[in-house]
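In what follows, chains are A, B, ... by sequence order, proteins preceding strands, each numbered from 1. Small disclaimer: the values here were computed from a predicted structure and weren't measured. Any value given below was found using the heavy atoms of this structure, including those in side chains, with hydrogens, waters and symmetry copies removed.
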Amino acid sequence: EVRLVESGGGLVQPGGSLRLSCAASGFTFSDHHMDWVRQAPGKGLEWVGRSRDKPDRFRTDYAASVEGRFTISRDDSKDSLYLEMNSLKTEDTAVYFCARDSRKHNMDVWGKGTTVTVSS
Amino acid sequence: IQLTQSPSSLSASIGDRVTITCRASQGISGHLAWYQQKPGKAPKPLIYAASSLQSGVPPRFSGSGSGTEFTLTISSLQPEDFATYYCQQLNSYPVTFGGGTRVEIK
């Protein structure tokens, strides 16, 4: 079964840091670009960023709203994707989803999400 | 690239034909996807590359368009189709989503 499982969410104070993980199974992780997408309470979907695969030199891309504060990395030996979040703001409060790029112009596998709450 | 979905919400009855539009601020070729999301759940992929049906998705869902204007059509609305629908462009970075269309029961 193809699966993505996020972990690491929780409550953090403004200015704090948090690291999310996404564990993949059931497919060849190294063959795919991987994305983080978030959804603030009652709001729409917002793309956070992408980790491209080895042929694309593991390049990362970010939304302007998180550039310089968030870092995406991957460990293909562990079939895992990570999101390091620093200088967190209250507006970063959201459910964070991990998603697989299908290479057919969509994201075809999604995790259930992990909740991040930034509050004092 | 900004994506504008319309309408932002609609009310429809079982069996109705429903059409949702997504307009891009610049041309994105056919690099558009559609998703369905129900409360508390992850998005579910419906359409990729503007008009290709994701495996396992019922054929009452269809997508069309290219360039800057795209549509998602549900040919005969079913009870399980009441949800929020999002378009997404993957033509260029940053990847962007439309604001969503909430489909409610009339």
Side-chain angles (χ1 to χ4, degrees), chain A residues 1-7 9 20 22 24 26-27 32-53 56 59-68 70 72 94-115, chain B residues 1-9 20 22 24 27-57 61 63 65-67 70 72 83-102:
Chain A
E1 179 192 5
V2 175
R3 199 175 178 209
L4 297 172
V5 179
E6 303 91 339
S7 60
L20 305 184
C22 171
F27 67 97
H32 293 268
H33 301 337
M34 296 295 297
D35 294 89
W36 288 100
V37 175
R38 69 184 180 182
Q39 187 168 37
K43 301 297 184 181
L45 300 170
E46 180 188 17
W47 179 76
V48 173
R50 166 169 287 184
S51 170
R52 303 194 204 185
D53 59 11
D56 269 353
R59 180 175 171 169
T60 52
D61 306 276
Y62 299 95
S65 58
V66 306
E67 180 102 52
F70 289 12
I72 296 174
V95 176
Y96 285 74
F97 298 101
C98 168
R100 182 181 83 169
D101 178 78
S102 68
R103 289 201 170 277
K104 295 186 292 184
H105 307 298
N106 81 338
M107 296 172 187
D108 66 339
V109 180
W110 293 68
K112 293 184 177 181
T114 188
T115 300
Chain B
I1 297 174
Q2 294 182 346
L3 297 179
T4 303
Q5 281 184 240
S6 60
S8 56
S9 66
I20 299 168
C22 178
I28 57 172
S29 187
H31 301 159
L32 187 105
W34 289 95
Y35 301 89
Q36 176 195 69
Q37 188 181 33
K38 296 182 178 179
K41 300 294 187 182
K44 173 187 176 182
L46 298 175
I47 301 287
Y48 64 92
S51 59
S52 296
L53 195 66
Q54 187 74 29
S55 176
V57 173
F61 290 92
S66 66
F70 301 85
L72 173 71
T84 300
Y85 294 84
Y86 294 93
C87 58
Q88 177 200 44
Q89 70 81 21
L90 299 98
N91 185 71
S92 62
Y93 294 104
V95 172
T96 47
F97 288 91
T101 296
R102 186 173 179 182

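Contact count against chain B (heavy-atom pairs under 4.5 Å) is highest for A:Asn106 among A:Val95, A:Asp35, A:Asn106. The most heavy-atom pairs under 4.5 Å with chain A, out of B:Pro43, B:Pro39, B:Ala33, B:Ala42, come from B:Pro43.
Between B:Phe97 and B:Tyr35, the ring planes lie tilted relative to each other; the angle falls in the 30° to 60° range.
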Evaluate the side-chain hydrogen bond (donor to acceptor under 3.5 Å, both in side chains) criterion for residues A:Glu6 and A:Tyr96: first the C-alpha distance (whole Å), next the side-chain angles of each, then the deciding distance (0.1 Å), finally the verdict. CA-CA 8 Å; A:Glu6 303 91 339; A:Tyr96 285 74; over 6 Å; no

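A:Asp61 has its side chain out of reach of A:His33: every pair of non-hydrogen atoms, C-beta onward, lies at least 4.5 Å apart. Looking at A:Val109 and A:His32, their side chains never come closer than 4.5 Å, going by heavy atoms from C-beta outward.
Residue contact with chain A, scored on non-hydrogen atoms closer than 4.5 Å, is absent for B:Lys44. Heavy atoms of B:Gln89 lying under 4.5 Å from chain A are absent altogether. In this structure, chain B has a heavy atom under 4.5 Å from the backbone of A:Glu46, while its side chain stays farther away.
In this structure, A:Trp36 CH2 and A:Thr114 OG1 are separated by 8.0 Å, a value rounded to the nearest 0.5 Å.
No close placement of the B:Phe70 and B:Trp34 rings is indicated, their centers lying 6.0 Å or farther apart.
Other residues, nucleotides and ligands contribute over 12 non-hydrogen atoms within 6.0 Å of the CZ atom of A:Arg103. Surrounding NZ of B:Lys41 are at most 12 heavy atoms belonging to other residues, nucleotides or ligands under 6.0 Å away.
Within residues 49-56 of chain B, the residues having any heavy atom under 4.5 Å from a heavy atom of chain A are, by residue number, B:Ala49, B:Gln54.
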